[in-house]
Amino acid sequence: MKPSEQEGRQSIQSTQLSINDDVKILRSPLERKSELINMELDRLGMGKYQWCIFILCGFGYFLDLMWAQTFPLIAEQIQREMGVTDTELGYLYAAFSVGLTIGAFVWGILVDIIGRKWCFNLTCLLASISGSVFGLPNQFYWLCIIAVFIGLGIGGNIPIDATITMEFLPKKNRYLLASLSTFQPVGVVVCSAIALALI
């Protein structure tokens, strides 16, 4: 190898080393902590805690399509009991969809401000309370208002579920994030089974 070529290679290597050092220096303490946590999660692997998080977040997906299936199943009963027309019934679906949209947007921002735990618990609480009182009103417009709140809870819960699952899974098991969607058809089946028994 010629001396000029050797000097050129040494210069390139020293430049690469200095760039790598600069990158390491430029990383913030938060980035270094995150890297350390990810390394530890990879070392621990998929344990009982990770499976519990996965199943817990899967229930958020379960509720998502369960509620989407609920409204068509109870639509006929609402029309009979409240004398609602087909056109008016569309307001119920629209109210739920508005809640889903606003919930996904608002909770998606709040999750980074007040924290994952609070947002997860609040969306579950909101959807649970709203769902529990959905059968109480005698006026159709109250059903629509409650449907908005159900949507706010469910719509906010979905992005939070995905975020929490992603954060606690080791890198080699992150393919499981996509399999959260398998909880959705289970929700549809359970909802349909309950409707078959009660309606």
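The first residue of the sequence shown is numbered 1, and numbering continues consecutively from there.
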Original post:
Do W51 and L56 come close enough that some side-chain heavy atom pair is under 4.5 Å?
Top reply: no

Original post:
Can you list the steps and then say if T85 with Q79 is a side-chain contact (heavy atoms from CB on, under 4.5 Å)?
Top reply: CA-CA 7 Å; T85 65; Q79 285 183 306; 5.7 Å; no

**OP:** Please name the residue in the list F71, F149, W67 that meets the ring pair (Phe, Tyr, Trp, His ring centres under 6.0 Å) test with F96.
**Re:** F71

**OP:** Keeping the roles fixed (side chain from R116, backbone from V111), state whether a donor-acceptor pair exists under 3.5 Å.
**Re:** yes

Original post:
Heavy-atom distance under 4.5 Å between the side chains of V148 and C144, does that happen here?
Top reply: no

**OP:** Say whether, by atom type as modelled, one donor and one acceptor occur between the side chain of E81 and the main chain of I78 under 3.5 angstrom.
**Re:** no

Subject >> Closest non-hydrogen atom pair between C57 and T165, with its separation >> reply: CB-OG1, 3.3 Å

Subject >> Exam field: side chain S130 to backbone A127, donor-acceptor pair closer than 3.5 Å >> reply: no

Original post:
Has the side chain of N157 got a donor or acceptor atom that lies under 3.5 Å from a matching backbone atom of G153?
Top reply: no

Original post:
Same cluster or not: are L177 and Y175 linked, directly or through other Ile, Leu, Val, Met, Phe, Trp or Tyr residues, by side-chain heavy atoms under 4.5 angstrom apart?
Top reply: yes

**OP:** Check whether I150 and W107 end up in the same hydrophobic cluster, where Ile, Leu, Val, Met, Phe, Trp and Tyr are linked by side-chain heavy atoms less than 4.5 Å apart.
**Re:** no

Original post:
Same hydrophobic cluster for F183 and F120, using side-chain heavy-atom links shorter than 4.5 Å among ILVMFWY?
Top reply: no

Original post:
Do V106 and L122 belong together in a cluster built from hydrophobic side chains that touch within less than 4.5 Å?
Top reply: yes

Original post:
Any luck finding a side-chain donor-acceptor pair between D64 and Q184 under 3.5 Å?
Top reply: yes

**OP:** For residues A162 and Y61, report the shortest heavy-atom separation together with the two atoms involved.
**Re:** CB-OH, 3.7 Å

Original post:
Between the main-chain N or O of M66 and the side-chain N or O of Q69, is there a donor-acceptor pair closer than 3.5 Å?
Top reply: no

**OP:** Indicate if L63 and F54 have the same hydrophobic cluster label, given that clusters are the connected sets of ILVMFWY residues with side-chain heavy-atom separations under 4.5 angstrom.
**Re:** yes

